[in-house]
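Report on one structure; see the data block that follows.
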Amino acid sequence: MTDPRSRRVAAWLLDRCLSGPERDAVIGDILERDARGRSASWLWLETLTAVGMSTAREIRAHVILLPAAAFFVGFGAAAVLGTVKLLPGPALLDQMLAAVGAGWIVGRLGRLPTLVTFAGIVLLTNLPSTREAVFAFLDHFRGAWLLATSAVKSLPSSIVVGQTCIAVGGFCAICQRAPTPSPPGAASF
Amino acid sequence: MYEMAKGFLGGLELLVLLAVIQLGDESYGVPIAEAIEKGCTRPVALSSVYVALGSLARKGLVVSRRGEPTAERGGRAKIHFQVTPAGLREARRTHRTLKTLWEGVAAFQGARA
């Protein structure tokens with residue numbers, strides 16, 4: 001069994017990042033196997049695999065709705081935050097703050113899958129190889145194109161800085177949320 | 001014929017179904033994963049076991065019921081699984097199919113399993 005602190009942190013992370021009717025059972029199974037003498041690396045590998053699989057399943061289940069929600073909420077927040085000059089000094093600080101704020105709002109209104117989708121959309125608009133294709137697609141929807149153009153200017157152009165700021169903001173919001181209680185009664189798969 | 005192909009079990013699904021049949025009433029995530037690891041001698045992630053169980057449940061091959069929470073599990077309830085008659089039929093059908101195909105592979109004729 002790993003140390004109690006690692007167990008608590010892993011359970012806390014799983015509580016906030018997993019979804020679906022089997023969430024409690026997965027967390028309980030991981031803790032039960034860990035209690036039977038597993039290593040810390042096993043615990044963290046299982047935890048991260050469970051979070052990754054749950055997130056991927058949610059994204060696959062809402063393949064239209066989730067990107068649309070992430071796009072409008074995230075880019076909308078970035079576009080609005082980008083119009084405000086909050087910090088003295090270089091524009092990069094304001095862009096970083098806009099990215100943290102947009103990540104926080106997406107994480108607050110959605111969950112981890114929405115945040116991951118938003119980070120993915122921002123990445124696609126930052127990568128030179130995909131940027132043109134994304135904007136060519138958005139050109140079919142004039143409002144979305146304008147929103148994306150305005151939002152991209154508000155966010156850091158550096159991929160590493162942008163993604164880190166979104167992750168920090170989103171993760172803070174996810175941590176603040178109480179975990180969704182599992183439905184009582186029979187498990188419905 | 002193409003419709004039939006949709007009904008075939010995936011690799012992990014078949015292993016999970018066989019583990020559920022083998023374990024009977026004691027069938028939940030931990031013993032299922034342990035039974036697969038014992039048979040395959042390689043680790044299997046608990047979350048992938050649940051993905052396979054979810055898929056089996058949607059196909060009507062297993063049914064689930066929620067158990068009682070325990071302290072060892074941090075107060076989380078188990079989900080117990082039980083094979084359905086359709087699940088048993090599917091396991092038998094897959095066994096027959098694999099046996100027929102296996103016997104037809106010339107490279108394995110006379111070789112030890």
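Remember, it's a predicted structure, so these values are computed and weren't measured experimentally. Protein chains get the first letters and strands the later ones, always in sequence-line order, with residue 1 at the start of each.
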Salt bridge check: are B:Arg73 and A:Asp34 linked by an N-O gap of less than 4.0 Å? no

Counting only heavy atoms not in B:Glu34, do more than 12 sit closer than 6.0 Å to its CD atom? yes

Please check if atom CG in B:Leu101 has more than 12 non-hydrogen atoms from other residues, nucleotides or ligands closer than 6.0 Å. yes

Could you give me the CA-CA distance, side-chain angles and deciding distance for A:Glu22 and B:Arg66, then say whether salt bridge (charged side-chain N to carboxylate O under 4.0 Å, His left out) is met? CA-CA 10 Å; A:Glu22 76 283 14; B:Arg66 203 174 284 275; over 6 Å; no

Side chain, backbone, both or neither: which part of [X] has a heavy atom under 4.5 Å from chain A?
X: B:Val49; result: neither
X: B:Ala45; result: both
X: B:Thr70; result: neither

Any chain of hydrophobic side-chain contacts (each under 4.5 Å) joining [X] to [Y]?
X: A:Val116; Y: A:Ile174; result: yes
X: A:Leu146; Y: A:Val73; result: yes
X: A:Val51; Y: A:Leu45; result: no
X: A:Val122; Y: A:Leu109; result: yes
X: A:Leu138; Y: A:Leu155; result: yes

Using modelled atom types only, decide if a donor and an acceptor are shared between the side chain of A:Arg33 and the backbone of B:Leu46 within a distance under 3.5 Å. no

Would you say B:Val51 and A:Met53 make side-chain contact, with heavy atoms under 4.5 Å? yes

Looking at side-chain heavy atoms only, is the closest gap between B:Arg76 and A:Asp15 below 4.5 Å? yes

Between A:Glu32 and B:Lys78, does the side-chain contact (heavy atoms from CB on, under 4.5 Å) criterion hold? Intermediate values first, please. CA-CA 10 Å; A:Glu32 185 181 326; B:Lys78 295 171 186 170; 4.0 Å; yes

Spatial distance of atom OG (B:Ser47) from atom CZ (A:Arg23) [nearest 0.5 Å]: 15.0 Å

